[in-house]
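Some notes on the structure that comes next.
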Amino acid sequence: VQLQASGGGLAQAGGSLSLNCTASGSIYAINNMGWYRQAPGNQRESVSFISPYGFTNYLESVKGRFTISRDNAKNTVYLRMNALKPEDTAIYYCVADISQKFCSSAGCYGGTTSDYWGQGTQVTVSS
């Protein structure tokens, strides 16, 4: 199982960027998917998460500006970031709670869930 993130880049303050992250491999089920970020000198913080049923939560500082969504059929989570601020500058990491699929002659089943992380993608917002 692996997560592949894309998107991000450079934007001016007030601009927008989007992030995508797709899970692939032997997947039985995906629970929560979401995004963390880490700015230089800061601890990694949770930005937003979404459940398989669409329940969401957001870091207070991004509420009203960021929107998380997911496509369960594509095992993909999205983060649309509007009204960007310089303080949003960070490396963004996607994470997903995934049950890996195991198959035998008796059939296939899901193992215990584990957190899988994508590679970080840089978001830089200039003032």
Side-chain angles (χ1 to χ4, degrees):
V1 175
Q2 62 179 357
L3 268 62
Q4 180 68 46
S6 61
L10 177 65
Q12 290 187 332
S16 299
L17 289 171
S18 294
L19 303 177
N20 303 334
C21 180
T22 299
S24 62
S26 186
I27 296 170
Y28 184 80
I30 303 178
N31 296 323
N32 290 342
M33 303 182 80
W35 298 89
Y36 278 79
R37 69 185 182 186
Q38 186 168 19
N42 292 355
Q43 290 188 331
R44 191 173 295 189
E45 62 181 357
S46 172
V47 177
S48 182
F49 271 80
I50 184 168
S51 78
Y53 312 104
F55 295 108
T56 61
N57 63 55
Y58 294 92
L59 180 69
E60 190 64 33
S61 63
V62 308
K63 283 182 179 179
R65 301 188 297 118
F66 290 11
T67 301
I68 192 170
S69 60
R70 67 189 279 175
D71 185 331
N72 292 332
K74 296 181 179 179
N75 293 336
T76 299
V77 62
Y78 308 92
L79 187 68
R80 176 64 176 176
M81 303 179 289
N82 295 327
L84 283 162
K85 302 177 180 180
E87 50 264 42
D88 294 320
T89 295
I91 299 174
Y92 284 69
Y93 299 89
C94 61
V95 60
D97 185 29
I98 295 175
S99 172
Q100 193 173 352
K101 184 167 63 178
F102 298 93
C103 295
S104 69
S105 58
C108 296
Y109 63 95
T112 56
T113 60
S114 298
D115 282 344
Y116 290 84
W117 291 81
Q119 85 286 8
T121 184
Q122 179 71 47
V123 170
T124 303
V125 184
S126 62
S127 58

Say whether, by atom type as modelled, one donor and one acceptor occur between the side chain of [X] and the main chain of [Y] under 3.5 angstrom.
X	Y	answer
Q119	A5	yes
D88	V123	no
S48	N57	yes
T121	G7	yes

Side chain proximity check, [X] to [Y], heavy atoms < 4.5 angstrom:
X	Y	result
Y78	D71	yes
M81	V125	no
L3	I98	yes

**Fill in**
With F49 as partner, the option from Y36, F66, W35 fulfilling ring pair (Phe, Tyr, Trp, His ring centres under 6.0 Å) is Y36
**Asked** Does I50 belong to the same Ile/Leu/Val/Met/Phe/Trp/Tyr cluster as V47, with side-chain heavy atoms less than 4.5 Å apart forming each link?
**Response** yes
**Request:** Please check if Y93 and V77 belong to a single hydrophobic cluster, counting links between Ile, Leu, Val, Met, Phe, Trp and Tyr side chain heavy atoms closer than 4.5 Å.
**Result:** no
If you measure from [atom1] on [X] to [atom2] on [Y], what distance do you get to the nearest 0.5 Å?
X	Y	atom1	atom2	answer
N32	D115	CG	CG	9.0 Å
N72	M33	CG	CE	8.0 Å
Q122	I91	CD	CD1	5.0 Å
N31	S51	CG	OG	9.5 Å

**Message:** So, using side-chain hydrogen bond (donor to acceptor under 3.5 Å, both in side chains) as the criterion, who are the partners of T89 when residues are at least two apart?
**Reply:** none
**Asked** Quick one: side-chain hydrogen bond (donor to acceptor under 3.5 Å, both in side chains) partners of Y58, sequence neighbours excluded?
**Response** none
Using every non-hydrogen atom in the two residues, find where [X] and [Y] come nearest and quote the distance to one decimal.
X	Y	value
L59	S46	CB-O, 3.5 Å
T113	S99	CG2-CB, 3.9 Å
V1	Q100	CG2-CG, 4.0 Å
R37	A90	CB-CB, 3.9 Å

Side-chain donor-acceptor pairs of residues 10-24 under 3.5 Å, sequence neighbours excluded:
unit_1, atom_1, unit_2, atom_2, d
S16, OG, N82, OD1, 2.8
S18, OG, R80, NH1, 2.8
T22, OG1, T76, OG1, 2.8

